[in-house]
Colleague: 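Shown below is the structure under consideration.
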Amino acid sequence: MNKIQMTTPLVEIDGDEMTRILWKMIKDELLLPFIDLNTEYYDLGLPYRDETDDQVTIDASNAIKKYGVGVKCATITPNEARRKEYNLKALYKSPNGTIRAILDGTVFRAPILVKGIEPVVSRWEQPITIARHAYGDVYKNTEFRVPGKGTAKLVFEAEDGTVNEQTIFSFEGPGVLQGMYNLDHSIESFARSCFQYALGVKQDLWFASKDTISKVYDGQFKEIFQNIYDNEFKAAFEEVGITYFYTLIDDAIARIMKSKGGIVWACKNYDGDVFSDMLSSAFGSLAMMTSVLVSPDGYYEYEAAHGTVQRHYYKHLAGEETSTNSVATIFAWTGALRKRGELDGNTALQEFADKLEKATLDTIESGVMTKDLVQITTLPNPKAVNSLEFIQAVRATLEASL
Ligand code: NAP
Ligand code: MG
């Protein structure tokens, strides 16, 4: 069989623990036999990040800027326990945070739907993708406890010395006080990433905030989205036949519950934090969530939403059998290969991505799945397999379809 050729490299970002084990299995069983894989490899496994003082993370991010598309394995964000475990020189920042800062991107999370793993909300027939504005608001707040009687003021001193001062509240007794901010530039990048992504997946985009109450702050978010839509994306949206829709956050929740799915839902930072957890558990399993970082300039980085599955890795190291779900990591690869194919006009690569996704879902629908899915499936008599057996079963289904 002739292997599929690739014209432009894909940025391959390896990672840690159990997902690093799955990464190699996926390449060996599902990619290398079928594709003449052209990747530029960056090892973000913690030992090599430490060896390079984390320079490798910066290099990988710049490579995504150069080639446009990357695929990333889950990585450890070190804490004190990890510093000891890996004898690290420093407590490195979250690789995802570093990559996001360099690409100025927004993370989109979408569930993988498969028969037999049913969403809690039975109306949801298609995935709901959530985009969280991961900058500012309450996550960058300044807050303190008000000890007692006194006046709280909001003061802004401009560079030219002009002062804008308003009274927030005159306290008669103790309470709490908080200040927060956001930046036009960050909101604009977020809006552009959302419009780009919605166009890419050809789904309607919803954005919601509370501008009836927060007229200036949330009002600014609403206005920026509307201006960017009108001036930069309206024509393209109309051509593809999708819409941009703004509503109040409470109305959005009511509508989401009644929708059939198939929507990209843009959320402010706090809303996105809360509702992404609601959606991932309502759709069934964290192991079935994909994640893609989209920059306003149109660079893409695909990964699984879950972490490195540390507990399974220690079982694996102890020589025990694991049954770790590789579906989201397989879909990270298919997402990246499909995007690479789209950008390069490489239809063979795009078709391969479609076939590998279908083979993965068909395998689960035939009743063969990892233990985490066996626990929640509605299919009768599911067969629990180990990590490698699942990937080999997908390969057999894939080979039969080629
Ligand atoms: P995790 O790796 O997502 O795993 C938490 C638990 O969820 C697992 O112990 C397992 O439950 C279940 N699970 C998650 N993914 C699964 C899969 N593919 N198949 C089967 N079960 C799965 O989260 P964590 O243990 O909190 O974090 C481990 C490391 O990952 C941390 O060092 C963290 O920094 C890192 N992390 C990285 C990313 C990223 O790179 N994007 C994201 C999150 C966390 P059972 O043990 O009950 O089977
Ligand atoms: Mg959360």
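Just so you know, ligand 1 is whichever comes first in the structure, and atom 1 is the first atom listed for that ligand. Excluded from the calculations below are hydrogen atoms, water molecules and symmetry mates; all remaining heavy atoms, backbone and side chain alike, are included. Since this is a predicted model, take the numbers as computed values, not measurements.
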Colleague: How far apart are the C-alpha atoms of F237 and F195, what are their side-chain angles, what is the distance that settles it, and do they pass the ring-ring contact (aromatic ring centres under 6.0 Å, His included) test?
Modeller: CA-CA 9 Å; F237 266 52; F195 288 120; 5.7 Å; yes

Colleague: Answer yes if the side chains of N269 and Y135 hold a donor-acceptor pair under 3.5 Å, and no otherwise.
Modeller: no

Colleague: List, one per line, each side-chain donor-acceptor pair under 3.5 Å for residues 66-81, sequence neighbours excluded.
Modeller:
from: Y67; atom 1: OH; to: E40; atom 2: OE1; distance (Å): 2.9
from: K72; atom 1: NZ; to: T75; atom 2: OG1; distance (Å): 2.9
from: K72; atom 1: NZ; to: N96; atom 2: OD1; distance (Å): 2.9
from: K72; atom 1: NZ; to: E303; atom 2: OE1; distance (Å): 3.2
from: N79; atom 1: OD1; to: A81; atom 2: N; distance (Å): 3.3
from: N79; atom 1: OD1; to: R82; atom 2: N; distance (Å): 3.0
from: E80; atom 1: OE1; to: R83; atom 2: NE; distance (Å): 3.4
from: E80; atom 1: OE2; to: R83; atom 2: NE; distance (Å): 3.3
from: E80; atom 1: OE2; to: R83; atom 2: NH2; distance (Å): 3.1

Colleague: Sequence neighbours excluded, which residues qualify as side chain to side chain donor-acceptor pair (under 3.5 Å) partners of N38?
Modeller: none

Colleague: What are the distances between nitrogen or oxygen atoms of ligand 1 and protein nitrogen or oxygen atoms, counting only those under 3.5 Å?
Modeller:
from: ligand 1; atom 1: 2 (O); to: G307; atom 2: N; distance (Å): 3.4
from: ligand 1; atom 1: 2 (O); to: T308; atom 2: N; distance (Å): 3.1
from: ligand 1; atom 1: 2 (O); to: V309; atom 2: N; distance (Å): 2.7
from: ligand 1; atom 1: 3 (O); to: G307; atom 2: N; distance (Å): 2.8
from: ligand 1; atom 1: 18 (N); to: H306; atom 2: NE2; distance (Å): 3.3
from: ligand 1; atom 1: 18 (N); to: N325; atom 2: O; distance (Å): 2.8
from: ligand 1; atom 1: 19 (N); to: N325; atom 2: N; distance (Å): 2.9
from: ligand 1; atom 1: 30 (O); to: T308; atom 2: N; distance (Å): 3.0
from: ligand 1; atom 1: 30 (O); to: T308; atom 2: OG1; distance (Å): 3.2
from: ligand 1; atom 1: 32 (O); to: R82; atom 2: NH2; distance (Å): 3.0
from: ligand 1; atom 1: 34 (O); to: T77; atom 2: N; distance (Å): 3.0
from: ligand 1; atom 1: 40 (O); to: K72; atom 2: NZ; distance (Å): 3.4
from: ligand 1; atom 1: 40 (O); to: T75; atom 2: N; distance (Å): 3.0
from: ligand 1; atom 1: 40 (O); to: T75; atom 2: O; distance (Å): 3.4
from: ligand 1; atom 1: 41 (N); to: N96; atom 2: ND2; distance (Å): 3.0
from: ligand 1; atom 1: 41 (N); to: E303; atom 2: OE1; distance (Å): 3.3
from: ligand 1; atom 1: 46 (O); to: R311; atom 2: NE; distance (Å): 2.5
from: ligand 1; atom 1: 46 (O); to: R311; atom 2: NH2; distance (Å): 3.2
from: ligand 1; atom 1: 48 (O); to: R311; atom 2: NH2; distance (Å): 3.1
from: ligand 1; atom 1: 48 (O); to: H312; atom 2: NE2; distance (Å): 2.8

Colleague: Decide, yes or no, whether a salt bridge links R338 with E357 under the criterion of side-chain N to carboxylate O below 4.0 Å.
Modeller: yes

Colleague: Got a list of side-chain donor-acceptor pairs under 3.5 Å for residues 223-230, not counting sequence neighbours?
Modeller:
from: Q226; atom 1: NE2; to: D230; atom 2: OD1; distance (Å): 3.2

